[in-house]
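Atoms considered below: every heavy atom in the structure, side chains included; atoms not considered: hydrogens, waters and symmetry mates.
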Amino acid sequence: MTTVLTTPSEHLMTLTLNRPDRLNAVSETMYESLIEQLALADSAPEIRAVVITGAGRAFCVGADMKAHSSGARDRSERERYLLLAQRVCEQIQIMNTPVVAAVNGYALGAGAEIAVSADFLVVASDARMGFPEVGLGTFVGGGVTHRLPRLVGLRRATELLLLGERFSGADAHAWGLAYLAVDGDSVVAAARALATTVATKAPLSVGRMKEALRRTDSLEAALESEPRQILALMDTQDWAEGVAAFTERRAPRFEGK
């Protein structure tokens with residue numbers, strides 16, 4: 001079975017985690033496929049946004065505990081598995097192309113890490129999310145210890161990571177972790193609508209904005225960086241197109257050049 005289904009549509013790429021019989025629990029094969037497909041999407045000029053969702057009743061329940069409990073992996077294999085997990089979340093966070101996570105059902109552990117890594121999170125109101133790692137004697141990954149406090153604040157992040165309690169999609173929206181909470185049947189459609197909107201923006205500007213939001217941790221760094229970003233973009237065709245479209249009162253047609 002293909003562990004990640006790929007569905008291109010105009011300027012969008014939808015990646016569907018596809019182990020519904022295991023509630024999309026992650027595996028090395030799934031991680032490898034995600035890394036490959038995310039990199040391909042980011043290198044394709046025609047793809048302006050990516051949507052990640054899960055097949056069946058869940059987004060992703062995290063680690064396949066059945067596989068872990070089998071004791072089949074030696075230490076080097078465990079390390080490889082963990083590095084793949086880190087690379088997936090890193091790729092989502094550092095790629096220029098914006099990523100929307102469409103969370104249906106459960107998003108736990110590694111599944112929550114993937115969801116939090118996305119630039120936008122669209123959730124089912126009754127989705128169940130959580131970071132259960134400390135209750136299992138393990139630890140979070142995907143840069144969550146850095147990213148989650150920036151998204152919801154240190155106090156809320158401490159509660160979520162140390163208590164490990166599950167929370168709903170409605171909670172995620174109320175806390176500002178999710179962009180939108182909708183009925184379960186509408187999650188993918190709502191995520192694709194949001195991705196379509198993001199895809200109309202200037203891709204060079206979007207990529208630079210993602211990088212700035214990820215790297216800038218101080219006012220001084222932001223004030224120093226922003227004029228350089230603006231000057232660099234003023235030399236692009238997209239900047240000229242944006243100015244022309246504004247003057248002519250029409251929608252811009254950005255080409256990422």
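Sorted by first and then second residue, the side-chain hydrogen bond (donor to acceptor under 3.5 Å, both in side chains) pairs with a member in residues 229-248 read R208-Q229, E241-R250, E248-R250; sequence neighbours excluded.
Put simply, the side chain of L17 reaches to within 4.5 Å of the side chain of L34, judged on heavy atoms. At least one side-chain heavy atom of T196 sits less than 4.5 Å from a side-chain heavy atom of L12. In this structure the side chain of N24 never reaches within 4.5 angstrom of the side chain of F59, judged on heavy atoms. Considering only heavy atoms from C-beta on, T16 stays 4.5 Å or farther from V188 through its side chain. Using a 4.5 Å heavy-atom cutoff, the side chains of S168 and M129 are not in contact. Looking only at side-chain heavy atoms (C-beta outward), F254 and V206 stay at 4.5 Å or farther from each other. Between T14 and S9 there is no side-chain heavy-atom pair separated by less than 4.5 Å.
With rounding to the nearest 0.5 Å, the separation of CG in L5 from CG in N18 is 4.0 Å. For the atom pair CD1 (I47) and CG (N96), the distance works out to 14.0 Å, reported to the nearest 0.5 Å. Rounding to the nearest 0.5 angstrom, the gap separating the CG atom in L213 from the CG atom in D119 is 8.5 Å. The distance from the CG atom of N104 to the OG1 atom of T53 is 4.0 Å, given to the nearest 0.5 Å. The distance from atom CG of L83 to atom CZ of R80, rounded to the nearest 0.5 Å, is 9.5 Å. Atom CZ of residue R192 and atom CG of residue L194 lie 12.0 Å apart, to the nearest 0.5 angstrom.
The hydrophobic clustering, which links ILVMFWY residues whose side-chain heavy atoms are closer than 4.5 Å, places V187 and V103 apart. The hydrophobic clustering, which links ILVMFWY residues whose side-chain heavy atoms are closer than 4.5 Å, places V116 and W175 together. In the hydrophobic cluster analysis, where Ile, Leu, Val, Met, Phe, Trp and Tyr join through side-chain heavy atoms closer than 4.5 angstrom, M30 is grouped apart from L23. F167 and L108 fall into different hydrophobic clusters, where Ile, Leu, Val, Met, Phe, Trp and Tyr are joined by side-chain heavy atoms under 4.5 Å apart, directly or via other members. Residues V88 and V140 are members of one and the same hydrophobic cluster, defined by side-chain heavy-atom contacts under 4.5 angstrom among Ile, Leu, Val, Met, Phe, Trp and Tyr.
No donor-acceptor pair under 3.5 Å is formed between the side chain of R87 and the backbone N or O of I35. Side-chain atoms of T200 come within 3.5 Å of backbone atoms of T197 as a donor-acceptor pair (strictly under, hydrogens ignored). Side-chain atoms of E46 never come within 3.5 Å of backbone atoms of H11 as a donor-acceptor pair (strictly under, hydrogens ignored). Checking side-chain atoms of S43 against main-chain N and O of A39 turns up a donor-acceptor pair under 3.5 Å. Side-chain atoms of D42 come within 3.5 Å of backbone atoms of T97 as a donor-acceptor pair (strictly under, hydrogens ignored). A donor-acceptor pair is defined here as one N or O able to donate and one able to accept, closer than 3.5 Å; such a pair exists between the side chain of S218 and the backbone of A221. Counting only distance, with no hydrogens or angles, the side chain of K210 and the backbone of P98 share no donor-acceptor pair below 3.5 Å. Side-chain N or O atoms of S117 include one that pairs as donor or acceptor with a backbone N or O of E113 at under 3.5 Å. Listed for the R19 side chain is a donor-acceptor partner under 3.5 Å among the backbone atoms of A25.
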(request) Step by step, work out the side chain to side chain contact (heavy atoms under 4.5 Å, CB included) result for R48 and E10. (result) CA-CA 9 Å; R48 303 287 178 84; E10 295 186 18; over 6 Å; no
(request) Show the numbers, then the answer: is there a side chain to side chain contact (heavy atoms under 4.5 Å, CB included) between L177 and L148? (result) CA-CA 9 Å; L177 181 60; L148 190 61; 4.2 Å; yes
(request) Show your working on side chain to side chain contact (heavy atoms under 4.5 Å, CB included) between I114 and C89 and close with a plain yes or no. (result) CA-CA 6 Å; I114 292 171; C89 293; 4.3 Å; yes
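Contact detail for A49 and A195: the closest heavy-atom pair is CB-O, 3.6 Å. Nearest heavy-atom pair, V152 versus R156, reported as atom, atom and distance to 0.1 Å: O-CB, 3.5 Å. Scanning all heavy atoms of the two residues, the minimum distance from L233 to S205 falls at CD1-OG, 3.6 Å. The minimum heavy-atom distance linking A63 with A110 is given by the pair N-CB, 4.4 Å. Taking each heavy atom of T6 and P8 in turn, the nearest pair found is O-CD, 3.8 Å. Heavy-atom minimum distance, M95 versus L38: CE-O, 3.5 Å.
Between Y179 and F120, the ring planes lie perpendicular to each other; the angle is over 60°, past the 30° to 60° tilted range.
Environment of CG in D21: crowded, with over 12 heavy atoms of neighbouring residues, nucleotides or ligands closer than 6.0 Å. The neighbour count for R215 CZ, taken as heavy atoms of other residues, nucleotides or ligands under 6.0 Å away, does not exceed 12.
Residues passing the side chain to side chain donor-acceptor pair (under 3.5 Å) test with R253: none are found, sequence neighbours excluded.
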